[in-house]
Amino acid sequence: MQIQVIKSKIHRVTVTGADLNYIGSITIDQDLMDAAGIVEGERVYIVDNNNGERLDTYAIPGERGSGVICLNGAAARKVQTGDVVIIMTYGIVTVEEARAFKPKVVFPDTRTNRLID
């Protein structure tokens with residue numbers, strides 16, 4: 001049997017933009033994507049701590065060190081600039097692999113969305 005487990009999480013980043021006219025996705029600072037092990041085009045789940053919205057889309061890299069977290073397309077209707085969100089990915093593993101698996105969890109500075117040294 002295989003199960004889904006949390007693969008990575010960017011915990012509490014602030015939305016810097018919402019672009020309704022973009023094709024879709026979420027733009028995430030490449031530094032944050034790398035730290036969390038999120039790859040371009042990967043499915044991500046987003047939880048908005050301000051309004052309780054939950055949605056999924058795919059990740060696209062933003063400029064390194066920019067702190068950008070921008071919801072694009074229809075997802076832009078679910079958040080507002082300044083909202084605090086959690087971004088998560090999941091992986092499919094066997095039950096045996098799940099017992100030993102450790103997700104990558106990133107805790108950036110919520111004000112700047114940059115990695116904390």
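Both backbone and side-chain heavy atoms feed into the values below; hydrogens, waters and symmetry mates do not. If you read the sequence from its start, that first residue is 1, and numbering goes on from there.
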Chemist: For the residue pair A35 and L115, what are the closest heavy atoms and their distance?
Modeler: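 Closest approach of A35 to L115: CB-CD2, 3.9 Å.
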Chemist: For A76, does its backbone N or O pair with a side-chain atom of D19 as donor and acceptor, under 3.5 Å?
Modeler: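 Not confirmed, D19 side chain does not pair with A76 backbone.
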Chemist: Would you say Y90 ends up clustered with V85 if hydrophobic residues are merged whenever their side chains have heavy atoms under 4.5 Å apart, either directly or through other cluster members?
Modeler: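 No; Y90 is not reachable from V85 via cluster members.
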Chemist: Under a 4.5 Å cut-off applied to non-hydrogen side-chain atoms, are D83 and N49 in contact?
Modeler: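 Side chain of D83 against side chain of N49, heavy atoms only: no contact under 4.5 Å found.
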Chemist: Taking the side chain as C-beta and beyond, is there a heavy-atom pair between I60 and N72 under 4.5 Å?
Modeler: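 Sidechains of N72 and I60: in contact.
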Chemist: Could you check whether any side-chain heavy atom of I86 comes within less than 4.5 Å of a side-chain heavy atom of K9, counting everything from C-beta outward?
Modeler: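 Yes. Closest side-chain heavy atoms under 4.5 Å.
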Chemist: Give the cluster check for L32 versus M88: same hydrophobic cluster or not, with ILVMFWY residues linked at side-chain heavy-atom distances below 4.5 Å.
Modeler: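 No.
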Chemist: Counting N and O atoms only, with roles assigned by atom type, does the side chain of K7 sit under 3.5 Å from a partner on the main chain of G37, one being a donor and the other an acceptor?
Modeler: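 Confirmed, K7 side chain pairs with G37 backbone.
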Chemist: Would you say that I10 contacts I38 through its side chain, given a criterion of any heavy-atom pair below 4.5 Å between the two side chains?
Modeler: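 Of all side-chain heavy-atom pairs linking I38 with I10, at least one is under 4.5 Å.
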Chemist: Can a donor-acceptor pair be found, under 3.5 Å and without considering hydrogens, that links the side chain of T89 to the backbone of S8?
Modeler: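 At least one qualifying donor-acceptor pair exists.
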Chemist: Does E97, at its CD atom, have more than 12 non-hydrogen atoms belonging to other residues, nucleotides or ligands within less than 6.0 Å?
Modeler: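 Enclosed.
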Chemist: CG of L71 to CD1 of I28: how many Å apart, nearest 0.5 Å?
Modeler: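 Going from CG on L71 over to CD1 on I28, the span is 9.0 Å.
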Chemist: Using a 4.5 Å cut-off on heavy atoms from C-beta on, say whether the side chain of D34 contacts that of R64.
Modeler: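 Yes, close enough: below the 4.5 Å cut-off.
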Chemist: Does a side-chain heavy-atom distance below 4.5 Å link D56 with R43?
Modeler: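 With C-beta onward as the side chain, the pair touches.
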Chemist: Can you tell me if CD on Q2 sees more than 12 non-hydrogen neighbours from other groups inside 6.0 Å?
Modeler: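 More than 12 heavy atoms, drawn from other residues, nucleotides or ligands, come within 6.0 Å of this atom.
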Chemist: Please report the shortest heavy-atom distance between S25 and Y58, naming the atom on each side.
Modeler: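 Between these two residues, the closest heavy atoms are CB-O, 3.1 Å.
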Chemist: Provide the closest heavy-atom pair for A59 versus V44 in the form atom of the first, atom of the second, distance.
Modeler: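 That closest heavy-atom pairing would be CB-CG1, 4.0 Å.
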Chemist: Where is the tightest heavy-atom contact between A98 and V5, given as atom of each residue plus distance?
Modeler: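 Here A98 and V5 meet closest at CB-CG1, 3.8 Å.
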Chemist: So with a 6.0 Å cut-off around CZ of R77, is the heavy-atom count from everything else above 12?
Modeler: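 Check fails, neighbour count at 12 or below.
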Chemist: Between P108 and I116, what is the shortest heavy-atom contact and its length?
Modeler: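 Nearest pair, atom of P108 first, then I116: C-CD1, 3.8 Å.
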Chemist: Under the 3.5 angstrom rule, does the side chain of T14 hit a backbone N or O of T110 as a donor-acceptor pair?
Modeler: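 A pair under 3.5 Å: yes.
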Chemist: Could you state whether I6 and I92 fall into the same hydrophobic cluster, counting links through intermediate Ile, Leu, Val, Met, Phe, Trp or Tyr residues with side-chain heavy atoms under 4.5 angstrom apart?
Modeler: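 Unlinked, I6 and I92 end up in two clusters.
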Chemist: Less than 4.5 Å apart, any side-chain heavy atom of N113 and any of V68?
Modeler: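 Not in contact.
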Chemist: Among N50, V47, D48, which one satisfies side-chain contact (heavy atoms from CB on, under 4.5 Å) with V84?
Modeler: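 Considering N50, V47, D48, a side-chain contact (heavy atoms from CB on, under 4.5 Å) with V84 is found only for N50.
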Chemist: Measuring from atom CD1 of I87 to atom CD of E42, what distance do you get when rounded to the nearest 0.5 angstrom?
Modeler: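 Reported value, rounded in 0.5 Å steps: 11.5 Å.
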Chemist: Can you tell whether the side chains of R114 and D29 come within less than 4.0 Å, N to carboxylate O?
Modeler: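 No.
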Chemist: What's the separation between atom CZ in R111 and atom CZ in R12, rounded to the nearest 0.5 Å?
Modeler: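 Answer rounded to 0.5 Å: 12.5 Å.
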